Number of protein chains: 2
Amino acid sequence: MIQTNHAHLNLMIELDRFDLQLLAELQANGRASNAQLAERIHLSASQVSRRIQRLEQEGLIERYVALLRAEALGLGVTAFVSVSLERHGEQQTGTFDEQVGTMDEVLECFAVSGDADYLLRVLTPSLPALSDFLLHQLMRLPGVRNVKSNIVLSGVKHTTQLPLKHLHHGRR
Amino acid sequence: MIQTNHAHLNLMIELDRFDLQLLAELQANGRASNAQLAERIHLSASQVSRRIQRLEQEGLIERYVALLRAEALGLGVTAFVSVSLERHGEQQTGTFDEQVGTMDEVLECFAVSGDADYLLRVLTPSLPALSDFLLHQLMRLPGVRNVKSNIVLSGVKHTTQLPLKHLHHGRR
DNA sequence: CCTGAAACATAATGCAC
DNA sequence: GTGCATTATGTTTCAGG
């Protein structure tokens with residue numbers, strides 16, 4: 001379920017100040033040019049290029065994406081949905097994970113400790129569409145016992161930028 | 001609290017098949033070249049360039065970012081934290097929103113219906129670091145009455161790709 | 001390790017249709 | 001509104017300190 005990656009302990013000791021700055025900049029602007037980055041972190045463009053390639057290879061940079069404005073695209077309703085399963089067999093959770101993975105409305109799904117088994121973030125155009133999704137898609141999955149949803153009233157913060165300050169201390 | 005945007009109803013009717021394909025591609029790969037995109041959606045590179053500029057201007061594309069691997073960067077602990085406030089005055093919620101916005105560990109924060117007032121997704125290097133954050137940062141904010149956290153056991157799905165199928169129907 | 005210049009690739013724009 | 005051709009930007013490689 002959790003896959004072991006090439007990138008782990010051995011990588012973290014390889015990150016210097018420049019790498020961390022690069023990661024921070026790229027989190028904020030994934031299309032910054034090497035020249036721009038070079039200027040900001042005081043390095044040559046060619047070094048920036050090489051270091052980014054390294055960071056990509058090492059798996060620290062997962063991918064580059066465009067973030068779209070949900071509201072502008074008619075996606076006005078976000079809900080957090082707690083799901084409890086019937087029995088907790090390997091097979092049961094396996095198919096649930098798989099099915100959820102194919103549902104576009106589910107942006108995030110985590111297995112959590114606590115009352116529920118899963119917590120999902122779901123995005124739909126409207127309340128009827130949400131209701132429809134819950135009743136006809138999610139609750140129809142095998143083994144689903146209970147579904148509880150909290151509608152989002154307003155978004156206070158929503159970022160993809162990981163906190164990196166914990167890496168700034170001892171390294172290089 | 002919800003800001004009215006230039007981009008709304010009037011925009012949606014302007015989106016044709018090509019625009020939707022472009023948005024879908026850019027959500028998957030924010031660094032795809034115009035030539036690549038042109039080939040995939042059967043249009044010239046210059047058209048792709050112009051359309052993307054339009055989509056950016058119209059605010060459908062919010063920004064481009066690099067997504068980093070949390071685990072590879074030593075960020076192993078995700079938690080969903082429910083927060084209830086003492087009283088619900090404008091001022092109270094205002095400062096909470098503001099403070100939460102400055103906390104790097106908080107990747108997402110939504111005001112929700114239901115038991116709690118807010119639901120946050122928090123990312124830290126370790127359990128002690130989470131505990132530290134909750135006790136010394138979050139619970140210290142003025143007006144916070146109750147904090148309940150659910151630790152994430154495993155990530156099943158985590159995407160930034162919005163569902164766009166609802167736009168494919170009547171338009172152009 | 002790093003820079004800087006050359007060779008290469010991609011993006012933006014004016015123009016003809 | 002579209003594709004093509006040009007110019008302007010950006011990226012990568014490689015010689016040299």
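In what follows, every heavy atom counts, from backbone to side chain, and hydrogens, waters and symmetry copies are set aside. Here the structure is a predicted model, which is why all the values come from computation and not from measurement.
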Side-chain donor/acceptor pairs under 3.5 Å, residues 131-139 of chain A, sequence neighbours excluded:
residue, atom, partner, partner atom, Å
A/Asp132, OD1, A/His136, ND1, 3.3
A/His136, ND1, A/Asp132, O, 3.4

Using whole Å, report how far [atom1] of [X] lies from [atom2] of [N].
{"X": "A/Leu37", "N": "C/dT3", "atom1": "CG", "atom2": "P", "answer": "14 Å"}
{"X": "B/Glu39", "N": "C/dT10", "atom1": "CD", "atom2": "P", "answer": "12 Å"}
{"X": "A/Gln47", "N": "C/dG4", "atom1": "CD", "atom2": "C1'", "answer": "11 Å"}
{"X": "B/Leu43", "N": "D/dT2", "atom1": "CG", "atom2": "C1'", "answer": "8 Å"}
{"X": "B/Arg51", "N": "D/dT2", "atom1": "CZ", "atom2": "C1'", "answer": "10 Å"}
{"X": "B/Leu22", "N": "C/dA11", "atom1": "CG", "atom2": "P", "answer": "12 Å"}
{"X": "A/Tyr64", "N": "D/dG10", "atom1": "OH", "atom2": "C1'", "answer": "14 Å"}
{"X": "A/Arg54", "N": "D/dT13", "atom1": "CZ", "atom2": "P", "answer": "16 Å"}

Mind telling me whether B/Phe80 and A/Phe80 have parallel, tilted or perpendicular rings, with 30° and 60° as the class edges?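 Perpendicular: the ring planes of A/Phe80 and B/Phe80 meet at over 60°.
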Is B/Asp115 atom CG crowded by more than 12 heavy atoms from other residues, nucleotides or ligands, each under 6.0 Å away?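 Atom CG in B/Asp115 is not crowded, with 12 or fewer foreign heavy atoms closer than 6.0 Å.
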Enclosure of A/Arg31 CZ (heavy-atom neighbours >12, cutoff 6.0 Å):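 Yes, enclosed.
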What is the minimum heavy-atom distance between A/Leu119 and A/Ser82, and which atoms define it?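 Nearest pair, atom of A/Leu119 first, then A/Ser82: CD1-OG, 3.7 Å.
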Restricting to nitrogen or oxygen on both sides, can you table the protein-nucleotides 12-15 of chain C pairs closer than 3.5 Å?
residue, atom, partner, partner atom, Å
C/dA12, OP2, B/Ser49, OG, 2.9
C/dG14, O6, B/Arg50, NH2, 3.3

As a quick check of understanding, evaluate side chain to side chain contact (heavy atoms under 4.5 Å, CB included) for A/Asn29 and A/Leu37, giving each step before the final call. CA-CA 10 Å; A/Asn29 177 8; A/Leu37 293 167; over 6 Å; no
